[in-house]
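Start at 1 and go down the list; that is how both ligands and their atoms are numbered.
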Amino acid sequence: MGLTVLRAALAGTEVGLRAEEGVIVALGPEVVPEPGDEVLDALGMALVPPMVNAHTHAAMTLFRSFGDDMPLRTWLETRIWPAEARLRPDDVYWGTRLACLEMIRSGTARFFDMYWHAPEAARAVHDSGLRAVLAAPLIDTGNASGLAAFKDDALGSLERIRPFEATGRIVATLGPHAVYTVSRPSLEWLGELMAERGVGCQIHLSETRREVEDCVSETGLRPAELLHACGLLGPQTVVAHGCWLDPHELALLAETGTTVATVPVSNLKLAVGRHFPYLDALAAGVCLGLGTDGTASNNSLDLFQDVKVLSLVQKFAAEDPAVMPASEALAIARGQRSTHLGGCAIEPGAPADFLLVRLDMPEVSPGDLDANLVYAATGAVVDTTVVAGRVLMRERRVAGGEEILAEVRGRVGRLTGG
Ligand SMILES: [Zn+2]
C-alpha cells in the first residue's frame, strides 16, 4: 500500500508519482495506482521539491512578535531571557508543534533546529511528520570551569534525542551556541567528541562585527579559524549567519565541507550591518543553505518569503540583477547546495518528500514557475505537503491544527507575563 499522485505538472509534462515506504518508486506519464494506494489527483498543480530550513529555533513561535524593533541586547535582556526562564518542557513541545504546522503549510519538509528542551522538540517533530536535525543549545558562558557540566549537557542532550532517530526522520546533533558563549576548552572537547562519534553540530557564526572583534582580541583568531582549530568544521557542521566571514574563513569552510546557513531576513531585521558574502562564498565553493532563524527575529517560518529576500539582498549588494537567478535561489532554499542538508530531487529512489503547488493561484500564473515561486509566491501557494510518503497537508488542511493553536494561546500569557 503506497501513495499515488496523478496528473501532476512536472517540467511541462503531466506525470504520475508512486511512493512506497517513504521512497519514490515510480515517476512518469504511465504511473497508475496499485490496489490499496492512497490516490491524490494533482490536476492543475505542479510537483516541486520541498524547502529545507537550515537554521531555526522552532519553539520560539511562543515569542513571535514579542518585542520587535528593539536593539538586540535590550530585546534579549528585557523580553526573551525572562520569558525563556519560565519555559517548561511541554511549552517547547507545543511551540515546536506550532512551528511544524507553519512549516508544513509553507512547504518545508526538514529543518535544522537549536532550542531548549530539545527532546520535547524531537517529540513534536515525531508527532508532526516532518524531518529535523535537532540540537540542544550548549553554553558555558565563556567560563571553562564549567567543563564538567558542559560535558553532561552535551552528552545528555544527544542521549535524549537519539531514541527519536528510530523514526528515520530525526537526527541528533550538538548545538554549541556560538564562540562568544562557549569557551575554547569546551569547543575543543566538542571537536574531539564529534570526531569520535561521527556526530554533527550546529552553531551560530560570525553574525555581528562585535563577535569577530572580541574573538580576535581574545584568541588571535577569527571565529571560523577558532572553530577550525577546535576541530568543529566538517561536512556534518552547519554554521548560521556568516555575515562577517572573510576570504580565509570562507576557504576553511569550503575545504572542510562545512555548510553555511545564510539567514538574510533575521540579519536585516536585527540590523547586523553586513550581508552574507555570497559571491565570495560561491567562488570559494562553500556549501550553502537558507534559514529563517527563530520567529522572534524573522518573524515567519515561510521560506518562500525568505528566498525572495535571499536573492534580492545579493543582487542589491552586488549591484547586479544577474546575481543569484531564481533557479539558484530555489536550489539553495531546497537544501540542494549542500549534501548535508538533505535536499532531495523528485526522482525514483529519492525520499518521497514533495509539494503540490496550485497553478491557479494568481501569484504563480502566468510566467516561469521558478521565478514566480521566488519573486511572487508565498507559502500559501502550497496545496499539499508530503514528507516520507505521508500526506501532512491536503487542500491546505493539516490534522490537529486547531488544537495546536489553542494550546499555544493558552501558554503565551504565562510565558510573556501578559
Ligand atoms: Zn539563531
Side-chain angles (χ1 to χ4, degrees), residues 51-68 70-73 75-77 79-81 83-84 87 92 95-96 99 102-103 108 110-118 121 125 132-139 141 157 173-182 200-212 215 223-224 227 232 237-245 258-276 288-303 305-306 309-310 313 333 335 338 341:
M51 301 295 211
V52 174
N53 193 336
H55 178 70
T56 191
H57 311 280
M60 290 192 91
T61 49
L62 296 163
F63 310 126
R64 194 198 313 264
S65 305
F66 175 56
D68 296 305
M70 293 168 81
L72 177 62
R73 195 83 199 172
W75 171 66
L76 288 173
E77 285 174 0
R79 299 293 178 102
I80 297 302
W81 291 342
E84 286 187 335
L87 265 185
V92 169
T96 308
E102 188 181 350
M103 286 190 263
T108 293
R110 178 196 299 265
F111 64 101
F112 285 69
D113 193 65
M114 180 203 290
Y115 205 59
W116 309 112
H117 305 296
V125 174
V133 179
L134 298 163
L138 302 170
I139 286 177
T141 58
S157 69
T173 57
L174 294 161
H177 174 265
V179 296
Y180 56 91
T181 43
V182 183
C201 98
Q202 310 179 42
I203 185 167
H204 296 100
L205 183 74
S206 208
E207 180 178 6
T208 63
R209 184 205 296 262
R210 184 177 161 191
E211 172 188 338
V212 177
C215 186
L227 291 190
L232 265 73
T237 297
V238 178
V239 300
H241 298 290
C243 302
W244 294 84
L245 292 167
T258 304
T259 297
V260 178
T262 172
V263 191
V265 173
S266 169
N267 297 154
L268 289 167
K269 186 161 185 272
L270 292 171
V272 301
R274 191 166 183 250
H275 64 283
F276 170 65
L288 288 181
L290 174 65
T292 54
D293 218 347
T295 53
S297 54
N298 183 299
N299 302 354
S300 154
L301 295 168
D302 178 358
L303 282 167
Q305 296 184 34
D306 291 38
V309 175
L310 167 74
V313 162
S338 159
L341 295 182

Looking at E102 and R64, does any basic side-chain N land under 4.0 Å from a carboxylate oxygen?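 A salt bridge links E102 with R64.
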Regarding D306 and N298, do their side chains bring together a donor and an acceptor under 3.5 Å, going by distance alone?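 There is such a pair between these side chains.
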When the ring planes of H204 and H241 are compared, do they come out parallel, tilted or perpendicular, using 30° and 60° as the limits?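 Aromatic pair H204/H241 classed parallel.
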Angle between ring planes, F63 versus F66, binned at 30° and 60°: parallel, tilted or perpendicular?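 Rings of F63 and F66: tilted, as their planes differ by 30° to 60°.
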N/O/S from H204 sitting under 2.8 Å away from the Zn ion (ligand 1):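 An N, O or S atom of H204 is closer than 2.8 Å to the Zn ion (ligand 1), so yes.
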D293, N/O/S atom nearest the Zn ion (ligand 1):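 The closest N, O or S atom of D293 to the Zn ion (ligand 1) is OD1.
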To check your reading of the site, what angle at the Zn ion (ligand 1) do NE2 of H55 and NE2 of H57 form, to 10°?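 With the Zn ion (ligand 1) as the vertex, NE2 (H55) and NE2 (H57) sit 100° apart.
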